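First, the structure itself, so that you have it in front of you.
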Amino acid sequence: TDEKEERYKNIMNKYSEEDRHKFAELMAILIRAYTNKDGSAKFGDILGDIYMACGFGNSAQGQFFTPYSICQLMAETIPIKEDMRNKVITVADMAVGGGALPIAYAEHLFKNKINYQKDMLLYATDISINSVCMCMIQCSLLGIPAIITHGNALTNEVWEVWETPMVSLNLVKVRLAAQNNLRKITTTEEIINDEDFVESCVVDVPEAAQDLLEDGEEIRWISMKKF
């Protein structure tokens, strides 16, 4: 959003050009850390491990991140059922930290040949903005569709909501809405032509460009309804 972009610029303006380049280098290192030699995803909670190793955990908030190996064990105790395939699987973590538990569950789905980038939707909350940022970065890099709330899950306070790119790219919320309404939608074309999920209007084409259209052809502006 424009607000986040403005905040980003204000933060970056506090640093020298040399330091800004270091941020880019650190991001490149993190991307490499999350990528196997064959280009596939390498699962883990790298930022969470660094955060706790540096002693940044806030004991007053009960901030003690679960080791990733324990998260893997917990995830693997959840059985994969055949009726879970080709559906949107919703996952909730109301004290998400850096995202270790949902990342471990995404790995569990991957090992069981379920495309978590298309068929998983994480609803995550944390009271710490540092945790929200770590979860956002890690889920984005791994391609996990996630709606991450900076808020207090106990009091239902919401201060800010973030979405990873895969939420929009794979139309996960729209597919979940269809699934909850017992609607079978499998292709992007079906979604675009369904008035329950999209709003559209005809675009006025400038005279100079009208020759590019065939007889009776029109251009429509399409936007997804909010869910």
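If you're wondering where the values come from, they're calculated on a predicted model, not measured in any experiment. Any value given below was found using the heavy atoms of this structure, including those in side chains, with hydrogens, waters and symmetry copies removed.
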CD1/Ile147 to CD/Glu163 distance, rounded to the nearest 0.5 angstrom? 5.0 Å

Common cluster, Tyr116/Leu169, ILVMFWY with side-chain heavy-atom separation under 4.5 Å: no

Asp38 backbone acceptor or donor facing Asn36 side chain under 3.5 Å: no

Taking the side chain as C-beta and beyond, is there a heavy-atom pair between Phe23 and Met12 under 4.5 Å? yes

Would you kindly say whether Glu157 and Thr155 are connected by a side-chain donor-acceptor distance under 3.5 Å? yes

Rounded to the nearest 0.5 Å, what separation is found between the CG atom of Asn112 and the CD atom of Glu76? 9.0 Å

Sidechain-backbone polar pair: Asp126 side chain, Val96 backbone, donor-acceptor under 3.5 Å: yes

Looking at Tyr34, I'd like to know if its OH atom is crowded, meaning that more than 12 non-hydrogen atoms belonging to other residues, nucleotides or ligands lie closer than 6.0 Å. yes

Using modelled atom types only, decide if a donor and an acceptor are shared between the side chain of Ser168 and the backbone of Pro165 within a distance under 3.5 Å. no

Taking the side chain as everything from C-beta on, heavy atoms only, tell me whether Met84 gets closer than 4.5 Å to Asp119. no

Is the shortest heavy-atom distance from the side chain of Phe65 to the side chain of Met134 under 4.5 Å? yes

Under 3.5 Å donor-acceptor, Gln138 side chain and Leu47 backbone: yes

Heavy-atom donor-acceptor pair, His150 side chain to Ile127 backbone, under 3.5 Å: yes

NE2 of His21 to CG of Leu26: how many Å apart, nearest 0.5 Å? 13.0 Å

Do other residues, nucleotides or ligands put more than 12 heavy atoms under 6.0 Å from Met74 CE? no

Set out, in order, the CA-CA distance, both residues' side-chain angles and the distance that settles side-chain contact (heavy atoms from CB on, under 4.5 Å) for Cys139 and Leu122, then state yes or no. CA-CA 9 Å; Cys139 287; Leu122 167 65; 4.0 Å; yes

Using only atom types and a distance under 3.5 Å, with no angle test, would you say the side chain of Gln117 pairs donor to acceptor with the backbone of Leu142? yes

Looking at CE of Met52 and OG1 of Thr66, how far apart are the two atoms once the value is rounded to the nearest 0.5 Å? 9.5 Å

Taking Tyr105 for its side chain and Cys71 for its backbone only, find out whether a donor-acceptor pair lies under 3.5 Å. no

Donor-acceptor check, side chain of Thr164 to backbone of Ala146, threshold 3.5 angstrom: yes or no? yes

Let me check something: do Phe43 and Ile46 share a hydrophobic cluster, defined by ILVMFWY side-chain heavy atoms less than 4.5 Å apart, either directly or through other members? yes

Do Tyr51 and Leu141 land in one hydrophobic cluster if side-chain heavy atoms of ILVMFWY residues count as linked below 4.5 Å? yes

Are Val161 and Leu121 connected into the same hydrophobic cluster when the rule is that any two of I, L, V, M, F, W, Y join if their side-chain heavy atoms are below 4.5 Å apart? yes

Name all residues meeting the salt bridge (Lys or Arg N to Asp or Glu O under 4.0 Å) criterion together with Glu17; count only those two or more places apart in sequence or in a different chain, and write none if there are none. none

Measure the CG-NZ distance between Leu109 and Lys118 for me, rounded to the nearest 0.5 Å. 12.0 Å

Let me check something: do Ile78 and Tyr68 share a hydrophobic cluster, defined by ILVMFWY side-chain heavy atoms less than 4.5 Å apart, either directly or through other members? yes

Are Met166 and Ile144 close enough, and set up right, to give a side-chain contact (heavy atoms from CB on, under 4.5 Å), and what steps lead you there? CA-CA 6 Å; Met166 280 298 182; Ile144 297 173; over 6 Å; no

Which heavy atom of Tyr15 sits nearest a heavy atom of Ile11, and at what distance? CD1-O, 3.3 Å

Value for OG (Ser69) from CG (Leu73), rounded to nearest 0.5 Å, stands at 8.0 Å

Lys4/Trp162 under side-chain contact (heavy atoms from CB on, under 4.5 Å): CA gap, chis, key distance, verdict: CA-CA 10 Å; Lys4 287 188 176 74; Trp162 305 47; 3.8 Å; yes

Where do Gly143 and Pro145 come nearest, in terms of heavy atoms and distance? O-CD, 3.4 Å

What verdict does the side-chain contact (heavy atoms from CB on, under 4.5 Å) test give for Asn152 and Trp159, after you've listed the backbone C-alpha separation in whole Å, the side-chain angles of each residue and the deciding distance to 0.1 Å? CA-CA 9 Å; Asn152 188 327; Trp159 304 306; 4.1 Å; yes

